[in-house]
2 protein chains.
Amino acid sequence: MTDLQDFPRPSVAVDVAVLSVVVDDGGVDRLSVLLHRRSTGTEHGKWSLPGSFLRERERLAEAVQRTLLDKCGISGLTPRQLVVLDDPGRDDRGWVLSVAHLDVVPVADAPSLFSRTDLRWAPIRGEAAAVPGQRRLPFDHDSIVAEAVARFRGDHADAPDPYRLLEEPFTVRELRHLHEALLGEDLQKDTFRRAMLPHLVATRSTESGSVGRPARRYRRRG
Amino acid sequence: MTDLQDFPRPSVAVDVAVLSVVVDDGGVDRLSVLLHRRSTGTEHGKWSLPGSFLRERERLAEAVQRTLLDKCGISGLTPRQLVVLDDPGRDDRGWVLSVAHLDVVPVADAPSLFSRTDLRWAPIRGEAAAVPGQRRLPFDHDSIVAEAVARFRGDHADAPDPYRLLEEPFTVRELRHLHEALLGEDLQKDTFRRAMLPHLVATRSTESGSVGRPARRYRRRG
DNA sequence: GAAATAGTGTCTTTAAGACAATATCAG
DNA sequence: CTGATATTGTCTTAAAGACACTATTTC
C-alpha cells in the first residue's frame, strides 16, 4: 500500500473572486470585484483577492466561506470552483497551489462593504479589475478575475440572474438592468423579456410609486 | 509574514479520465474510457482511473503526463483540468485532494493499448464506464468520468474534433462518424456538413479506393 | 389628456432542419 | 450504364431581432 508520507505535500490555498454589481462614482451600475488589503497600523498592503490556506480536513467550499467571513464579514454565499493555479513559482513563500473560486454578493448587501477601509469594490474593465494606482493584482489574481468574469458572464446568457444577485420578486426591468450592467452592453427590452419569461413565474404583486404603467414582479422558476 | 509551516498540508493527487473512440465487440465505434488495474503477480486490483501523487514542485499537467507514460505508456497528450475532489473521507489512506483531468488518445493510437492486461477500454454507457463484473469505480472515479464525458461531449457541439482524435486530413464522413460515436446519437449528414465546413479548410486530396464519389479531405481551420 | 413605462402583435431576417436533386467516382 | 456516396439547391420550420402598437399608471 502506498504510504502517503513518502510524498512531499504542497500548501493549498483558496482565492476568491467575489463579484457583484455596484454603483460607481458616476452613478452607473458596474460589475465589480471585491478586493482586500492587509492593514497593519498605518501600513497598507496591495489590493488583492481574499484568500487563505486550507485547514486540516477542511472542504474547499468551507475554506472559502471561512475566508469571506474572516476577511470581509460576508456569509451565506455559495462558492464555485474555477481552476487550480499550480505554477511552482507563483508564491515566493514556497510551493503553494491555489484553488480559485467565484462567489457573488447580492446587490442589496454589496454597499455595506463600502464602509471598510480594508475592502473595496473595483470595477471590471474588460475582464480585469481597475484599481487606481495599482496596475495589476499580485500573484496570478488577474487571471483568476478574468476567469471568474468570463464564467459569470457566460452563465447569464440564457438564465435569469442565476447567481441570485437580486432579491425576489423583481421586475423584468430590474433584471434587464442587472444583466446589462454585468455584460457591459445594452439589451433590447422586448427580446430580453421574451427570452427570460419562460424561466420566470409571475407574482400577484406589481411595482408601485413610479411613473408609468406598474411592472409585474416575478420569481425565478424552479 | 505567514509561515507556510504553520499549515497542515494535504496530499495532492491527479486522476485522469482518458477518453477515446474505439471499436467494441460488436464492431461499433464507442466512446470509451481507459481503465487501469494494479497487477502484483497473480493478484489483480479493481479497475480504476490512472492517477498518481504530485511530486515536489511538479506542475499538474506534468504529473498527468508522467502518470500516463508510467502506467499506460502514452505520451504526447494535452491534459485538461476538470475539478478538485476534496471530500476529506474520499481516500482511506488519509487526507488526499485529487485534481481530476480529462485527456484524449487519438483513435489511431487507441488500439495499441488493447494488448496490455493491466489496461482496458471501458465503453461509456450514459455517462458512466461499463465494466463487466464491477459495478462502480473506486474512490469518486465515477463522478470524474461523468464530468469528463459531459465536458468532452459539450466541446463537440460546434467545433470539429477539438481534441484532435482524427489525423488530418480527414473526410466529413469520418468526422461525422466520430461525432456520432462520442455523442451516442446519429447526426444528419447535410446539416452536420454545413455546421462544420466553416471550421474546415479543403485540401487538394480526395479519398480513393472506395465505391461512390470520392470525398474531399479537410484540415481544421486555425 | 399628456407623459411615461409595461407589455404584446407582427413583420423581417437568420438559422436549422429536412428532403431531394445533381456530381463524380468504381466496376 | 448502374450503384454508391459526396455535395449542393431549396423548401419548410423555427428562432431572433426590430419596430410599432396597445395598456395602465401618475400627474
Side-chain angles (χ1 to χ4, degrees), chain A residues 23 27-29 107 153-162 166-221, chain B residues 27-29 153-162 166-221:
Chain A
V23 183
V28 185
D29 282 350
V107 290
R153 285 185 173 146
D155 287 345
H156 283 78
D158 27 296
D161 184 23
L166 290 183
E167 235 168 324
E168 295 184 333
F170 46 76
T171 68
V172 174
R173 179 151 75 129
E174 290 165 343
L175 183 63
R176 178 164 50 87
H177 283 336
L178 176 78
H179 281 232
E180 286 174 340
L182 67 88
L183 291 177
E185 65 188 59
D186 286 356
L187 298 169
Q188 195 122 347
K189 75 169 188 174
D190 49 2
T191 301
F192 180 81
R193 157 177 275 271
R194 276 188 258 252
M196 290 302 163
L197 272 190
H199 303 110
L200 299 173
V201 266
T203 66
R204 291 264 175 66
S205 84
T206 56
E207 205 178 28
S208 70
S210 73
V211 66
R213 174 173 170 176
R216 184 156 301 280
R217 293 203 185 91
Y218 296 83
R219 298 180 184 281
R220 300 176 193 86
R221 182 179 295 279
Chain B
V28 185
D29 281 351
R153 285 185 172 146
D155 287 344
H156 283 77
D158 29 295
D161 185 22
L166 290 183
E167 236 167 322
E168 293 184 336
F170 46 76
T171 67
V172 175
R173 180 151 74 129
E174 291 166 343
L175 182 64
R176 178 164 49 86
H177 283 338
L178 177 78
H179 281 233
E180 286 175 342
L182 67 88
L183 292 177
E185 65 188 59
D186 287 356
L187 299 169
Q188 196 121 346
K189 74 171 185 173
D190 48 1
T191 301
F192 180 79
R193 159 178 276 270
R194 275 188 257 254
M196 290 302 163
L197 272 191
H199 304 109
L200 299 174
V201 265
T203 67
R204 290 264 175 67
S205 83
T206 55
E207 205 177 30
S208 71
S210 74
V211 66
R213 173 173 170 177
R216 184 156 300 281
R217 294 204 184 90
Y218 295 84
R219 298 180 183 281
R220 300 176 193 87
R221 181 178 297 277

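By convention in this document, chain letters (A, B, ...) are assigned in the order of the sequence lines, proteins followed by strands, and residues within each chain are numbered from 1. Remember, predicted model here, so these are calculated numbers, not experimental data.
OP1 or OP2 of C/dG17 has not a single side-chain nitrogen or oxygen of B/Gln188 nearer than 4.0 Å.
Side-chain atoms of B/Leu200 and B/Arg221, non-hydrogen and from C-beta on, never get closer than 4.5 Å to each other. Counting only heavy atoms from C-beta outward, the side chains of A/Thr171 and A/Arg217 approach each other to under 4.5 Å. Counting heavy atoms from C-beta outward, A/Leu166 and A/Arg220 have side chains that approach closer than 4.5 Å. Between A/Met196 and A/Val172 the shortest side-chain heavy-atom distance does not fall below 4.5 Å.
Note on B/Arg173: only backbone sugar-phosphate atoms sit closer than 4.0 angstrom, heavy atoms only; bases stay farther off.
Side chain of A/Asp29 to main chain of A/Ala181: no donor-acceptor pair is present (N/O by atom type, distance under 3.5 Å, no hydrogens or angles).
D/dA6 atom P lies 15 Å from atom CZ of B/Phe170, rounded to whole Å. For the pair B/Phe192 CZ and D/dA6 C1', the computed distance is 15 Å after rounding to whole Å. B/Lys189 places its NZ atom 9 Å from the P atom of D/dT7, with the value rounded to the nearest Å. For A/Asp158 and D/dA15, the CG to P distance is 14 Å, given to the nearest whole Å. The separation between A/Met196 atom CE and C/dA6 atom C1' is 18 Å, rounded to whole Å.
In summary, of the residues considered (A/His177, A/His179, A/Arg173), a side chain to side chain contact (heavy atoms under 4.5 Å, CB included) with A/Leu175 occurs for A/His179 alone.
For A/Arg194 against C/dT10, a side-chain-to-base donor-acceptor contact under 3.5 Å is present.
Residue B/Val211 places its side chain closer to D/dT5 than to any other of C/dA18, D/dA6, D/dT5.
Listed by residue number, the members of residues 212-219 of chain A with any heavy atom below 4.0 angstrom from DNA chain D are A/Gly212, A/Arg213, A/Pro214.
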